[in-house]
Amino acid sequence: MDVRQELVKLAESKPELAYLVRESLEAVDRSGTLLEIEGARLAILGKKGRVSEIFKHLSEVPAEDRPEIGRVANMLRRYVEAELARKSEELKESDAEAMQKRQALDVTLPGRRAPVGRKHLLTQVIEEVTSIFISLGYWIESGPEAELDYYNFEALNTPAYHPSRSLLDTFYIMKNEPDKNSPDDVLLRTHTSPVQVRVMESRTPPLYVVSPGKAYRREAIDATHTAMFYQVEGFAVDRGIHMGHLKGTLEVVARKLFGSERRVRFRPDFFPFTEPSAEVDVSCHVCEGKGCALCKGIGWLEILGCGMIDPNVFEYVGYDPEEYTGFAFGMGIERIAMLKYGIEDIRLFYENDVRFLRQF
Ligand code: DAH
């Protein structure tokens, strides 16, 4: 039995002491600060404290009980003294520890650096491409991603039977008739070309415009296809614009993007909204044109489609094709980024794995 238990037991056998002892023990237990410890010491061991009180009233109890009561009172005093001393020692120790810790804090050390974020690679490439065009005197325009059939297809001279209109390629938001295309159907734009029509409709030439943004297609996702991707559209409309301006402009841009050692070629192609149309290829950076997995053995990577704006498009926006001519182009941003940095899977752009993104 420890001192405390013994004390309680003894006090219980003397009902006149039980209350004083229990109250004293509780006062000791409650004291958690140096100030409270000092308070408890005064209340129990002080001149007018509990212990003195017991001794003061000793003469009032029967003589045969006095030794026992005196023993309990002395025991209580010793216990309280020891317990309070132990408690205050403990507090002083933890105080000293805290002090030491405070001294261990070197305020002259440099602070911890918060991790700094960065722009997503696609944002970086968009900014690089658009800034090249801005340096050539172009300005930026944008258009809605939820677009009318009229701007995405119709006014871009894309007739109703054109294969790119098939439900397989386009996400429709609102279709007026299930099996028929209508100019006021609402869809997710399949390219950024509708911005051409919107800008031409609301402005008059000269126009030198770039328009970066998202486009959507119903694609099966693989290493080179995603259902949402970025394009940068560009076009120039002015008096006397001809294909030499288009070639010269794109050659400058391709070399600024990929370095002067890259070769560029123009292949005839077809787009409904340009005539003539061309596909522009850049020599493959992985194999230097010898043929590899990235370029599928061709040695060239297609970076954009372009052409001279079809007079039919000018008719839609009310421009006189005899007065104005223009060129247009559209490039895939992911494709440009893949080429520039040797990235072989388009899905990496959208997985948001910081170990990938941090590299750029
Ligand atoms: N809109 C075309 C596409 O998404 C790219 C394109 C080709 C844009 C020729 C043009 C252009 O402005 O003249 O594949």
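Atoms within each ligand, like the ligands themselves, are counted from 1 in listed order. Positions are given from 1, in the same order as the sequence printed here. Keep in mind that this is a model prediction, so the values were computed, not measured.
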Under 4.0 Å from ligand 1, residues with heavy atoms, in chain and number order, are H191, S193, Q196, R217, Q231, E233, F271, F273, T274, G305, C306, G307, A328, F329, G330

Pairing donors with acceptors under 3.5 angstrom, does anything connect the side chains of R198 and Y151? no

Does I303 belong to the same Ile/Leu/Val/Met/Phe/Trp/Tyr cluster as F270, with side-chain heavy atoms less than 4.5 Å apart forming each link? no

Aromatic ring proximity H120/Y230, centre distance under 6.0 Å: no

So does D222 pair up with R347, basic N to acidic O under 4.0 Å? no

Honestly, is K247 close enough over F266, meaning NZ or CZ under 6.0 Å from the six-membered ring centre and within 45° of the axis? yes

I want to check a possible cation-pi pair here: R118 against F360, using under 6.0 Å from ring centre and within 45° of the ring axis as the test. no

